[in-house]
Amino acid sequence: MDEQPRLMHSHTGVGMAGHPGLPQHMQEGTGGTDGDGRKQDIGDILQQIMTITDQSLDEAQARKHALNCHRMKPALFNVLCEIKEKTVLSIRGAQEEEPPDPQLMRLDNMLLAEGVSGPEKGGGSAAAAAAAAASGGAGADNSAEHSDYRAKLSQIRQIYHTELEKYEQACNEFTTHVMNLLREQSRTRPISPKEIERMVNIIHRKFSSIQMQLKQSTCEAVMILRSRFLDARRKRRNFNKQATEILNEYFYSHLSNPYPSEEAKEELAKKCAITVAQVSNWFGNKRIRYKKNIGKFQEEANMYAARTAVNAANASSHGSQANSPSTPNSAGETGSPCQKVLKEKE
DNA sequence: ACGAATGATTCATC
DNA sequence: GATGAATCATTCGT
């Protein structure tokens with residue numbers, strides 16, 4: 001059964017010299033009494049093929065076997081090959097390689113960036129880490145938000161992966177099924193490997209469009225989660241008193257130039273248990289608010305200036321004592337803070 | 001409940 | 001990219 005002609009690439013040389021649509025070996029006996037018999041045979045075969053789907057499975061199986069063994073079957077197969085060759089030519093080139101879908105690429109990139117489709121990282125993600133860094137990471141109160149965010153994200157991630165796996169499995173199953181079907185059918189109708197390949201491509205395209213929907217909804221879910229998380233991030237917490245004092249001490253002891261260097265910011269951030277960005281924010285706000293209403297801040301300024309002066313005095317009286325906490329690396333500027341403050345105010 | 005204080009964000013400017 | 005200015009959103013004190 002398997003040695004009979006199968007795939008059409010082995011039939012490309014079939015001649016069509018005589019009657020169009022019929023191979024030579026089917027036209028040899030025209031005119032004779034045998035001709036009518038053959039026509040009858042072909043009619044029978046076609047009829048059987050047409051009705052094969054109406055039959056029960058067992059019956060169809062038996063009929064298929066009978067068809068395969070029919071003496072006219074190779075001839076009919078060749079005819080089908082010829083016709084197919086012509087139609088395939090017209091189909092060929094109609095569907096060429098298409099470039100990767102930009103939207104799909106966007107979705108893929110985003111899922112990767114959000115840590116949904118990337119390698120497993122124990123529930124954490126680049127996005128979560130970035131968000132954590134941006135949100136200040138000050139204290140334990142927002143770590144609860146982070147774990148909530150991470151839990152939700154990994155939930156999304158899990159759903160995404162199980163769904164994706166299901167799709168892939170279904171796609172593979174379906175592809176295998178179709179390929180088997182086509183291979184099976186290639187016994188009775190001409191199917192080239194290229195056609196099977198094309199069919200597989202079509203199936204994959206269909207499935208990837210379904211996948212795209214999954215990716216899209218996953219992206220939406222992540223965006224919603226993210227926006228909620230960002231909203232939560234906006235819930236600000238006041239710095240603790242100690243941190244505010246450290247920042248104020250630095251500010252008023254550097255009132256003539258309240259622009260901490262990057263190193264100073266890092267130092268302050270470390271002392272206050274906040275981020276450098278928060279230090280920058282604080283100084284930005286402080287400068288503008290101080291400038292806007294110097295009078296209002298006068299009392300505060302005097303208080304911190306006095307405190308700094310006392311610290312400086314203590315430091316000098318104790319000789320090689322450690323630096324004052326407010327002025328880690330700018331002892332020169334703390335000479336007369338009170339005067340400076342007053343000068344600034346005028 | 002209200003207004004002030006305050007940390008964060010956004011936009012323009014240099 | 002850092003900063004100023006305006007603004008938003010929340011917290012705090014009353």
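Computed from a predicted model, the values in this text were never measured in an experiment. Throughout, protein chains are lettered first and strands after them, A, B, ... in sequence-line order, and every chain is numbered starting at 1.
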Go through the structure and list residues passing side chain to side chain contact (heavy atoms under 4.5 Å, CB included) with A:Ser117, not counting sequence neighbours. A:Leu111, A:Leu112, A:Tyr160
Between atom CD1 in A:Ile274 and atom C1' in B:dA8, what is the gap in whole Å? 12 Å
How long is the line joining NZ of A:Lys286 and P of B:dT6, in whole Å? 7 Å
Answer yes if A:Tyr290 and A:Tyr259 sit in the same cluster of Ile, Leu, Val, Met, Phe, Trp and Tyr residues linked by side chain heavy atoms under 4.5 Å apart, and no otherwise. no
To the nearest angstrom, how far is A:Asn281 atom CG from C:dA2 atom C1'? 12 Å
Counting N and O atoms only, with roles assigned by atom type, does the side chain of A:Thr275 sit under 3.5 Å from a partner on the main chain of A:Gln278, one being a donor and the other an acceptor? yes
Going by heavy atoms in the side chains, are A:Gln242 and A:Lys271 under 4.5 Å from each other? no
Length of the line joining A:Asn240:CG and C:dT11:P, which is rounded to integer Å: 16 Å
Could you run down the sub-3.5 Å N/O contacts of the protein with nucleotides 3-5 of chain C?
from  : atom 1 : to       : atom 2 : distance (Å)
C:dT3 : OP2    : A:Lys265 : NZ     : 3.3
C:dG4 : OP1    : A:Tyr259 : OH     : 2.2
C:dG4 : OP2    : A:Arg287 : NE     : 2.5
C:dG4 : OP2    : A:Arg287 : NH2    : 3.0
C:dA5 : OP1    : A:Lys291 : NZ     : 3.2
C:dA5 : OP2    : A:Lys291 : NZ     : 2.9

Go through C:dT11, B:dT9, C:dT7 for me and flag the one nearest to the A:Arg289 side chain. C:dT7
Please write out which residues are connected to A:Leu104 in a hydrophobic cluster, directly or through intermediates, given that two of Ile, Leu, Val, Met, Phe, Trp, Tyr count as joined at side-chain heavy-atom separations below 4.5 angstrom. A:Leu107, A:Met212
Rounded to the nearest angstrom, tell me the gap between atom CG in A:Asn257 and atom C1' in C:dA2. 13 Å
A:Glu263 CD to C:dA2 C1', in whole Å, measures 15 Å
To the nearest angstrom, the CZ-C1' distance between A:Phe251 and B:dT6 comes to 14 Å
How many whole angstroms separate atom CG of A:Leu268 from atom P of B:dG7? 14 Å
Return no unless some side-chain N or O of A:Gln278 is found under 4.0 Å from OP1 or OP2 of B:dA8. yes
Contact nearer the 5' end of DNA chain C, comparing A:Asn238 with A:Glu262: A:Glu262
Salt bridge (charged side-chain N to carboxylate O under 4.0 Å, His left out) evaluation trace for A:Glu163 with A:Lys166: CA-CA 5 Å; A:Glu163 289 297 310; A:Lys166 265 194 252 173; 3.1 Å; yes
Would you say the ring centroid of A:Tyr250 lies under 6.0 angstrom from that of A:Phe283? yes
